[in-house]
Amino acid sequence: MYRKPLTYLLVLTLAFSSCAPGIFSSLRSNDMEALELGMSREQVTGILGNAYTIAEKRMEDGVPVEILSYRNFPNDDEFYLFVFKNNRLEEWYRELLPQYEFRE
């Protein structure tokens, strides 16, 4: 009795989700374009959210350095690193995990 509407709903959901994976990406282009060098850590995490990992903390010539890592879900092989010196965004860059090919 309800199979037909549920089937249509399922087909539409799959079609839309497969056609636009960028919509579900955690690091959207609009968010990245809002970032500027010199922003505070709080400003950056306010734009990108709190789903980061602290990749590194160290002192460099008496200045605290912290690197935050964001995975670009659903692209698990892509992540961005944000370098903060003295709580200010100094640089950011994208890293790709290496893809290994296994041969038998």
Side-chain angles (χ1 to χ4, degrees):
M1 181 159 136
Y2 292 103
R3 285 186 181 168
K4 216 173 204 179
L6 288 176
T7 303
Y8 289 133
L9 180 62
L10 180 62
V11 169
L12 285 174
T13 302
L14 289 174
F16 284 120
S17 65
S18 66
C19 292
I23 292 173
F24 302 108
S25 177
S26 63
L27 298 175
R28 291 187 289 279
S29 179
N30 292 342
D31 294 338
M32 296 298 286
E33 289 174 5
L35 298 178
E36 294 181 18
L37 296 176
M39 286 182 150
S40 71
R41 182 181 186 265
E42 291 75 23
Q43 289 173 308
V44 172
T45 57
I47 293 170
L48 299 179
N50 292 320
Y52 60 84
T53 302
I54 298 174
E56 184 178 346
K57 276 189 175 188
R58 69 179 189 281
M59 293 295 282
E60 189 175 281
D61 297 326
V63 176
V65 176
E66 185 174 46
I67 301 175
L68 302 184
S69 174
Y70 281 86
R71 288 231 177 216
N72 194 16
F73 179 82
N75 306 322
D76 287 337
D77 62 342
E78 177 183 42
F79 57 97
Y80 287 81
L81 296 167
F82 297 87
V83 180
F84 294 89
K85 289 186 180 177
N86 218 11
N87 197 36
R88 295 289 169 199
L89 183 60
E90 182 87 8
E91 66 177 306
W92 74 85
Y93 52 94
R94 182 177 76 147
E95 291 279 331
L96 297 173
L97 292 176
Q99 298 295 318
Y100 297 102
E101 182 178 325
F102 295 101
R103 295 183 186 190
E104 292 186 34

So, using side chain to side chain donor-acceptor pair (under 3.5 Å) as the criterion, who are the partners of [X] when residues are at least two apart?
| X | value |
| --- | --- |
| E36 | none |
| E56 | R58 |
| N87 | E42 |

Residues that A55 engages under side chain to side chain contact (heavy atoms under 4.5 Å, CB included), provided they are two or more places apart: I67, S69, L81

Set of side chain to side chain contact (heavy atoms under 4.5 Å, CB included) partners for N50, sequence neighbours left out: T45, Y52

Same apolar cluster: L37 and Y70, side chain cutoff 4.5 Å: yes

Under the salt bridge (Lys or Arg N to Asp or Glu O under 4.0 Å) test, residues paired with R41 that sit two or more places apart: E66

Check: I54 and L68 side chains under 4.5 Å, non-hydrogen atoms: yes

Pairwise side-chain contact, F82 with L35, heavy-atom cut-off 4.5 Å (strictly under): yes

Interatomic spacing from CG in L48 to OH in Y80 - rounded to 0.5 Å: 10.5 Å

Point-to-point distance, once rounded to the nearest 0.5 Å, from CZ of F84 to CE of M39: 9.5 Å

K85 to V65 - nearest heavy-atom pair and separation: CG-CG2, 3.8 Å

Acceptor/donor pairs from residues 88-95 side chains to any protein atom, 3.5 angstrom cut, sequence neighbours excluded:
| unit_1 | atom_1 | unit_2 | atom_2 | d |
| --- | --- | --- | --- | --- |
| R88 | NH1 | G38 | O | 3.4 |
| R94 | NH1 | E78 | OE2 | 2.8 |

